[in-house]
Amino acid sequence: MTGHYAQVAFTPAVREHQREHGSLRAYERMAAVPEVPDRLGPNEALFIAERDSFYLATVGETGWPYIQHRGGPRGFLKVINANTLGFADFRGNKQYISRGNLDHDGRVALFLMDYAARTRLKIMGRARVVEAQQDPDLIAALGDKDYPARIERALLIEVEAFDWNCSQHIPELYPREEVLEAVQSLHDRIGELERENARLRATPPGSDLGR
């Protein structure tokens with residue numbers, strides 16, 4: 001956890017619970033750093049580039065939080081620089097809840113998961129919406145010509161803070177494509193062994209098996 005993440009996330013009510021449960025002192029030391037936004041490093045950039053989905057949290061005018069899944073080709077969430085993320089926002093079911101919430105409050109939280117490695121990255125930031133007609137060059141830069149989806153807008157997120165969570169309680173899950181590939185490899189190997197076994201059974205006793 002970064003010190004600035006602690007500054008952002010640990011409100012007075014949160015710190016009171018930390019005091020009650022004995023973790024306040026350790027976290028207070030962590031938060032005692034200059035209050036400047038976090039910068040994404042090589043580890044964060046690599047992790048983000050490998051993701052093909054994440055969860056985006058916004059807050060509506062009524063105060064209710066809203067979490068929306070965002071998916072696309074691997075690496076569609078792009079690290080523009082150490083302080084900025086960007087992604088193409090594809091057309092969905094036209095509810096526009098996240099979009100409307102951002103008119104009210106630009107603060108967002110991103111939750112990125114790697115279930116196979118049991119790793120998660122949380123990012124807090126401030127989002128700016130760029131509609132497709134406003135900046136076609138940006139839309140083209142964030143899009144993927146091989147991904148069949150209509151881009152309605154781009155979201156640029158100025159990173160405020162991030163935190164790598166521990167792996168405790170994360171289920172170990174694997175993408176369907178990886179599982180199918182592993183199963184097919186096993187089937188191929190079983191087929192090879194069955195054919196070899198059939199050949200050996202058909203070989204007369206005492207014959208030269210090396211031929």
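Keep in mind the model is a prediction, meaning the values are calculated, not measured.
- Under the 4.5 Å side-chain heavy-atom criterion for ILVMFWY residues, a single connected hydrophobic cluster contains both Y174 and V183.
- Of the listed residues (I80, V108, L40, L156), just one forms a side-chain contact (heavy atoms from CB on, under 4.5 Å) with L85, and that residue is L40.
- Of all non-hydrogen atoms in A9 and V14, the two that sit nearest each other are O-CG2, 3.8 Å.
- Donor-acceptor pairing under 3.5 Å is lacking for the side chains of E35 and H4.
- Atom CZ in R70 sits 13.5 Å away from atom CG in L112 (nearest 0.5 Å).
- Remark: side-chain polar atoms of R39 are not paired, donor with acceptor, to backbone N or O of A82 under 3.5 angstrom.
- Distance check, rounded to the nearest 0.5 Å: CG of L173 to CD of E178 gives 11.5 Å.
- Residue I67 qualifies as open at atom CD1: its count of foreign heavy atoms under 6.0 Å is 12 or below.
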>> Checking M124 against F162 for the side chain to side chain contact (heavy atoms under 4.5 Å, CB included) test, could you report, in this order, the C-alpha distance in whole Å, the side-chain angles of both residues, the deciding distance, and whether it holds?
In response: CA-CA 6 Å; M124 291 183 177; F162 66 83; over 6 Å; no
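- Ion pairing between R99 and E131 holds under the 4.0 Å rule for side-chain N and carboxylate O.
- Proximity of a side-chain donor or acceptor of T203 to a complementary backbone N or O of R201 within less than 3.5 Å is not detected.
- When hydrophobic clusters are built by joining Ile, Leu, Val, Met, Phe, Trp and Tyr residues whose side-chain heavy atoms come closer than 4.5 Å, directly or via intermediates, L142 is not grouped with V79.
- For residues 13-54, every residue pair satisfying the ring-ring contact (aromatic ring centres under 6.0 Å, His included) rule, not counting sequence neighbours, is listed here: F10-Y27, F47-W164, F54-F76, F54-F87.
- The local environment of CZ in R128 is sparse, with at most 12 non-hydrogen atoms from other residues, nucleotides or ligands closer than 6.0 Å.
- Closest non-hydrogen pair, A161 versus D38, comes out as CA-OD2, 3.1 Å.
- What you find for H104 and V59 is that their closest heavy atoms are CD2-O, 3.4 Å.
- The shortest distance between side-chain heavy atoms of Y96 and E152 falls below 4.5 Å.
- Taken from CG in L121 to CG in D163, the straight-line distance is 8.0 Å, to the nearest 0.5 Å.
- Going from atom OG1 of T58 over to atom CZ of R107 covers 11.5 Å, rounded to the nearest 0.5 Å.
- Neither side chain, Q184 nor H187, offers a donor N or O lying under 3.5 Å from an acceptor on the other.
- Between F90 and G72, the closest heavy-atom pair is CE1-CA, 4.1 Å.
- When side chains are defined from C-beta on, L110 counts as touching I157, because their heavy atoms get closer than 4.5 Å.
- Put simply, OG on S53 and CG on L77 are 10.5 Å apart, with the number rounded to the nearest 0.5 Å.
- By the 4.0 Å N-to-carboxylate-O rule, E192 lies too far from R195 to be salt-bridged with it.
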Going through the checks in order, is the side chain to side chain contact (heavy atoms under 4.5 Å, CB included) test met by Q68 and Y55?
CA-CA 6 Å; Q68 177 67 52; Y55 296 93; over 6 Å; no
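- Listed for the N165 side chain is no donor-acceptor partner under 3.5 Å among the backbone atoms of R120.
- The pair E172-R118 does not count as a salt bridge, with every side-chain nitrogen at least 4.0 angstrom from each carboxylate oxygen.
- Few gaps surround CZ on R91; more than 12 heavy atoms of other groups in view lie less than 6.0 Å from it.
- D114 has a carboxylate O that lies under 4.0 Å from a charged side-chain N of R51, or vice versa, which qualifies the two as a salt bridge.
- The structure places CG of L102 at 7.0 Å from CG of L56, a figure rounded to the nearest 0.5 Å.
- Residue H69 places its NE2 atom among more than 12 non-hydrogen atoms of other residues, nucleotides or ligands, all under 6.0 Å distant.
- Ion pairing between a basic and an acidic side chain is recognised when a charged N comes within 4.0 Å of a carboxylate O; E28 and R25 show no such pairing.
- Side-chain atoms of N81 and T84 include a donor-acceptor pair closer than 3.5 Å.
- Hydrophobic clustering (side-chain heavy atoms under 4.5 Å, transitive across Ile, Leu, Val, Met, Phe, Trp, Tyr) groups I139 together with L155.
- In the displayed structure, Y66 atom OH is contacted under 6.0 Å by more than 12 heavy atoms of other residues, nucleotides or ligands.
- Within a 6.0 Å radius of CD in E181, no more than 12 heavy atoms belonging to other residues, nucleotides or ligands are found.
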